[in-house]
Amino acid sequence: MKKDRRDVQRKAEDSELKQEAVKNKKINVPPNFIRNIIIDDVKKGKHGGRVHTRFPPEPNGYLHIGHAKSICLNFGMAEEFNGLCNLRFDDTNPIKEEEEYIRSIQEDVRWLGFDWEDRLYFASDYFQQLYDWAVQLVGDGKAYVDDLSADEIREYRGTLTESGRESPYRNRSVEENMDLFQRMKAGEFKNGERVLRAKIDMSSGNLNMRDPVMYRILHAAHPRTGNEWCIYPMYDWAHGQSDSIEGITHSLCTLEFEDHRPLYNWFIEQLGVHAPQQIEFARLDLTHTILSKRKLLRLVREKLVDGWDDPRMPTISGLRRRGYTPESIRDFCERIGVAKSNSVVDISLLEHCLREDLNKRSPRVMAVLRPLKVIISNYPQAKVEDLEAENNPEDPTAGTRKIPFSREIFIEQDDFREDPPRKYFRLAPGREVRLKHAYIVKCEKVVKDGNTGEIRELHCTYDPGTRSGSAPDGRKVKGTLHWVSASHAIQAEIRLYDYLFIKADPNDVPDGMDFVFNINPNSLEIVQGMVEPGLADAGRGDRFQFLRNGYFCVDTKDSTRENLVFNRTVTLRDTWAKIEKKIS
Ligand code: ATP
Ligand code: MG
């Protein structure tokens, strides 16, 4: 924990310079009010100049892009100020927690690029300390055992406009409370029979201060502590004290905990222990996306998606399987900034960050999603040419590769129109187009199925003098199509994803309906495409740009050498760029 004070100070000054530059509009870093608070704290030597944060997930589901915002903020601030960030599981509720979640959460945080080193903690590690502190509060007359039922407690609590009433058990003696609390722990009572409550103020304007419950009886095994406990601390009792035990300096959490802060401070004051400083920020909300673990769990349970890592899910594991890079997610989290008021972020910004990153790193290849056979009638029967193709125009070091060209190729069905509309520059009867990396071809004949009238194949001729370059006679050809050689291409299953929810706000539903109503019935379309032969060696998770079609990656679960499966990560069309243009 001992970091050089001067080093931290220097980092704070760097950050301050950055903020100054933002203010003067010299650099484009989005505002982050938490960074400003920390700069100030470090300068004043608050918390001894230390910065120590934590990311505290409840292991009751998979992490989603909203959690990524919190992860980037907590680990990011620690990194920026030479501090530390813990990973702590808030595992106070034994019923909803599963090992699967604990494993996936660690995998996801690591994949995002963060490291908690040896600081992996569990709130359940602190059960004994929390119990001892509760005993201390009982001894000080600041906590009592209540026999009211959960419903009665709710009723006695009052409302925002109406003061609460004191429980008839509120004034039990310290001795009686001590005896009953110990017997609660010893397992003498049934679930729900008694609770331990803090003795604060039933008339407080803040409902959280009206004698909140600290412990409940729950005869349930805990994944980590087994049957050691039959009383479990409530989140509000465990959370602040866990932060205190770990010496957290800046306890960053989302806005809904603002009203809990006085309670957390009260506990810390009564106990006289290290006081972390809680700062609340707005949670991330994204268009076309649900970011509630409860609702995501429902999608999984009701098999409305194919598990937590379905590529349409906003979970980190879903985004990873979809082909997102950790860099793009971190970039997104930086760009949205950190503010004090809730707002909805357009999902096209996330896609924009993704495209920017994929554009730099993805090799370009050719793949035809919906193949239409083209026979080049003047090209020799058995001839095969290996044509040179650049791998990535954005990256000169990416080099080139050879792709086979032959008499029979596939192009996209979409790239041919028998009756082309105006401004359609692709293939049509009598028209010419360029085949990428190859020749100019001209459509001579359309062959149809005698019964259905469907187009079966096209017959074209090619101009041998036009290989990779303009035509020698200078004639202009507007359209350039991607293609694959029919006898060399390999078949692949290609999964085309769209938003899981039709509406920008999935919760905008008619009366009596819920978010499931807005599920997009066309969020997944599967096609059997043909891809260039080099992709036979593609490994799970490899990312490519399919020319003109978008960014794709090899599915990490279902793809095999014999049966390649690609996920469409994102299309090439960038709606965010357009939005930005309009704004500026
Ligand atoms: P949910 O509402 O989906 O159940 P949660 O807040 O209960 O989520 P936790 O596991 O308690 O989930 O979250 C761990 C941390 O991530 C908390 O500090 C929480 O504030 C933060 N977090 C959760 N959702 C978001 C979000 N959408 N944006 C930013 N931070 C979030
Ligand atoms: Mg929570």
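These numbers come from the heavy atoms of this one structure, side chains and all, not from hydrogens, waters or symmetry mates. Each ligand, and each atom within it, is numbered from 1 in the order the structure gives.
Between Leu137 and Trp133 the shortest side-chain heavy-atom distance does not fall below 4.5 Å. Contact annotation: the side chain of Gln241 approaches that of Phe267 to within less than 4.5 Å [non-hydrogen atoms, C-beta and beyond].
The ligand atoms of ligand 1 that sit less than 4.0 angstrom from a heavy atom of His67 are 8 (O), 9 (P), 10 (O), 12 (O), 13 (O), 14 (C), 16 (O), 22 (N), 23 (C). Ligand-side atoms of ligand 1 in range of Phe55: 14 (C), 15 (C), 16 (O), range being under 4.0 angstrom from any heavy atom. Contact atoms of ligand 1 toward Ser292: 3 (O) (distance under 4.0 Å to a heavy atom of the residue). In the vicinity of Leu291, heavy-atom distances shorter than 4.0 Å reach the ligand 1 atoms 3 (O).
Classified by interplanar angle (parallel below 30°, tilted 30° to 60°, perpendicular above 60°), the ring pair Tyr235/His239 is parallel. Aromatic ring orientation, His222 versus Tyr232: parallel (interplanar angle below 30°, classes split at 30° and 60°).
Evaluation of the side chain to side chain donor-acceptor pair (under 3.5 Å) rule for His47 yields Gln277 as partners, not counting sequence neighbours.
For ligand 1, the polar-atom distance check finds an N/O of Arg283 within less than 3.5 Å of one of the ligand's N/O atoms. At least one N or O atom of Gly66 sits closer than 3.5 Å to an N or O atom of ligand 1. Looking at Arg294 next to ligand 1, no N or O pair under 3.5 Å apart turns up. In terms of polar-atom proximity, Glu58 is counted as a contact of ligand 1, with an N or O under 3.5 Å from an N or O of the ligand.
Looking at His64 against ligand 1, only its side chain comes within 4.0 Å, counting heavy atoms.
Between Phe33 and Phe281, the ring center distance fails the sub-6.0 Å criterion.
For the pair Lys185 and Tyr131, the cation-pi test (distance below 6.0 Å, angle within 45°) is passed.
One option in Leu284, Asp285, Thr289, Leu255 has a heavy atom closer to atom 28 (N) of ligand 1 than any other, and that option is Leu284.
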